[in-house]
Amino acid sequence: MSDRTAVERRLWDEIERHQVGMLGVVGGPEHHTQPMTAFVEPDREQIWFFTRVGADLARQAGDGHPAMFVFQQRELQACIAGELSLQHDVLRIAKYWNAVVAAWYPQGKDDPSLTMMRLNCTDAEVWISQVGPARFAWEIAKANATKHQPHIGGKANLHFH
């Protein structure tokens with residue numbers, strides 16, 4: 001957890017591999033996050049999402065609003081903060097277009113309501129479990145027997161530029 005570069009690389013790799021997380025605008029009228037498919041650009045510290053122009057989240061994001069993307073897998077959990085904004089980018093629409101996205105937009109890439117949102121990431125908290133199932137069970141049993149917390153991983157704070 002002390003190797004910031006390794007933690008950051010693992011974060012981007014996991015999001016790229018699994019893609020789905022929960023996205024929400026901070027302090028907006030909607031107080032809940034919603035599931036979104038993420039397309040990461042680690043070199044730019046950005047995450048892109050397809051959306052409709054009239055969607056609640058798109059309207060809340062507008063020209064830029066603080067947002068959070070929460071990502072969770074078995075061995076890695078993260079909360080990524082940044083500024084979310086609408087960005088109609090035809091090059092990225094073409095780049096990230098796939099069969100799953102097409103299922104949500106039956107009019108195709110030229111759907112007039114299709115657009116994208118960009119999260120410019122500012123910071124993240126990342127938790128990584130560093131033990132397998134057997135070690136996890138051992139650490140839980142040991143923690144209960146000794147009345148000490150288990151040692152199963154750690155947390156890192158990342159700050160993006």
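Residues take their numbers from the sequence shown, with the count starting at 1.
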Visitor: Between Thr115 (side chain only) and Val53 (backbone N and O only), is there a donor and an acceptor less than 3.5 Å apart?
Guide: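 No, the answer is negative, given that no donor and acceptor are paired below the 3.5 Å cut-off.
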Visitor: Show the nearest heavy-atom pair for residues Met68 and Cys79, with the distance to one decimal.
Guide: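 Taking every non-hydrogen atom into account, SD-SG, 3.5 Å.
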Visitor: To the nearest 0.5 Å, how far apart are OG1 in Thr51 and NE2 in His88?
Guide: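 So the OG1 of Thr51 and the NE2 of His88 are separated by 12.5 Å.
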Visitor: CD of Gln77 to CD of Glu125: how many Å apart, nearest 0.5 Å?
Guide: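 Gln77 atom CD to Glu125 atom CD measures 12.5 Å (nearest 0.5 Å).
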Visitor: Before you tell me yes or no, could you show the steps for Asn157 and Lys155 under side chain to side chain contact (heavy atoms under 4.5 Å, CB included), namely the whole-Å CA-CA distance, both residues' side-chain angles and the distance that decides it to 0.1 Å?
Guide: CA-CA 7 Å; Asn157 295 306; Lys155 178 179 99 167; 4.1 Å; yes
Visitor: Find out if a path of hydrophobic residues (ILVMFWY) with successive side-chain heavy-atom gaps under 4.5 Å connects Ile15 to Val101.
Guide: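 No, Ile15 and Val101 fall in different hydrophobic clusters.
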Visitor: Between Asp123 and His159, what is the shortest heavy-atom contact and its length?
Guide: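 Scanning both residues, the minimum pair turns out to be CB-ND1, 3.8 Å.
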Visitor: Please determine whether side chain to side chain contact (heavy atoms under 4.5 Å, CB included) holds for the pair Val20 and Met36, giving the CA-CA distance in whole Å, both sets of side-chain angles, and the decisive distance to 0.1 Å.
Guide: CA-CA 6 Å; Val20 178; Met36 297 291 287; over 6 Å; no
Visitor: First locate atom CG of Leu76, then atom CD1 of Ile128, and finally report the distance between them rounded to the nearest 0.5 Å.
Guide: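 Reported value, rounded in 0.5 Å steps: 5.0 Å.
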Visitor: Hey, could you give me the CD/CG distance between Gln46 and Asp43, rounded to the nearest 0.5 Å?
Guide: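 Spacing of CD (Gln46) from CG (Asp43) equals 8.0 Å.
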Visitor: May I ask you to decide if Ser113's main-chain N or O and Arg52's side chain share a donor-acceptor pair within less than 3.5 Å?
Guide: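 A pair under 3.5 Å: no.
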Visitor: Just one of Thr5, Leu11, Ile80 clears the side chain to side chain contact (heavy atoms under 4.5 Å, CB included) bar with Leu158, so which one?
Guide: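 Passing option: Leu11.
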Visitor: Between Arg92 and Gln87, does the side chain to side chain contact (heavy atoms under 4.5 Å, CB included) criterion hold? Intermediate values first, please.
Guide: CA-CA 10 Å; Arg92 284 188 175 83; Gln87 299 289 319; over 6 Å; no
Visitor: Please verify the inter-ring angle class for Trp97 with Phe50; under 30° counts as parallel, over 60° as perpendicular, anything in between as tilted.
Guide: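 Answer is perpendicular, since the angle exceeds 60°.
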Visitor: Testing Phe39, Phe49, Trp48 one by one against Phe69 for a ring-ring contact (aromatic ring centres under 6.0 Å, His included), which residue passes?
Guide: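 Only one of Phe39, Phe49, Trp48 forms a ring-ring contact (aromatic ring centres under 6.0 Å, His included) with Phe69, namely Phe49.
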Visitor: If you compare all heavy atoms of Cys121 against all heavy atoms of Trp12, which two are closest, and at what distance to 0.1 Å?
Guide: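 Smallest interatomic distance, heavy atoms only, reads SG-CH2, 3.8 Å.
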Visitor: Check Glu83 with Arg118, please: is the shortest side-chain N to carboxylate O separation under 4.0 Å?
Guide: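 Answer for the salt bridge query: no.
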Visitor: If you measure from CD on Gln72 to CH2 on Trp127, what distance do you get to the nearest 0.5 Å?
Guide: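 Rounded to the nearest 0.5 Å, the CD-CH2 separation comes to 10.0 Å.
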Visitor: Under 4.5 Å between side-chain heavy atoms, hopping through other hydrophobics if needed: is there a path connecting Val40 to Leu119?
Guide: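 Yes, it is one cluster - the side chains of Val40 and Leu119 are joined through contacts under 4.5 Å.
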Visitor: Rounded to the nearest 0.5 Å, how far does CD of Glu14 lie from CD of Gln19?
Guide: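 Taking CD in Gln19 and CD in Glu14, the distance rounds to 12.5 Å.
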Visitor: Parallel under 30°, tilted from 30 to 60°, perpendicular over 60°: which one fits the rings of Phe71 and His18?
Guide: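 Geometry flag for His18 against Phe71: tilted rings.
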Visitor: Please find the pair of heavy atoms, one from Ala61 and one from Met117, that lie closest to each other, and give the distance.
Guide: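 Closest approach of Ala61 to Met117: CB-SD, 4.3 Å.
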Visitor: In this structure, would Trp104 and Tyr96 fall into the same cluster of hydrophobic residues linked by side-chain contacts under 4.5 Å?
Guide: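 Yes, because Trp104 and Tyr96 connect within a single hydrophobic cluster, where side-chain heavy atoms sit under 4.5 Å apart.
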Visitor: If we only count heavy atoms from C-beta on, is the Met22 to His32 side-chain gap below 4.5 Å?
Guide: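 A side-chain contact under 4.5 Å is absent here.
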Visitor: Checking side chain to side chain contact (heavy atoms under 4.5 Å, CB included) against Val25, which of Thr33, Asp56, Leu57 comes through?
Guide: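 Among Thr33, Asp56, Leu57, the one meeting side chain to side chain contact (heavy atoms under 4.5 Å, CB included) with Val25 is Leu57.
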Visitor: Under a 4.0 Å threshold between the charged nitrogen and the carboxylate oxygen, would Arg10 count as salt-bridged to Asp13?
Guide: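 The answer is no: the pair does not qualify as a salt bridge.
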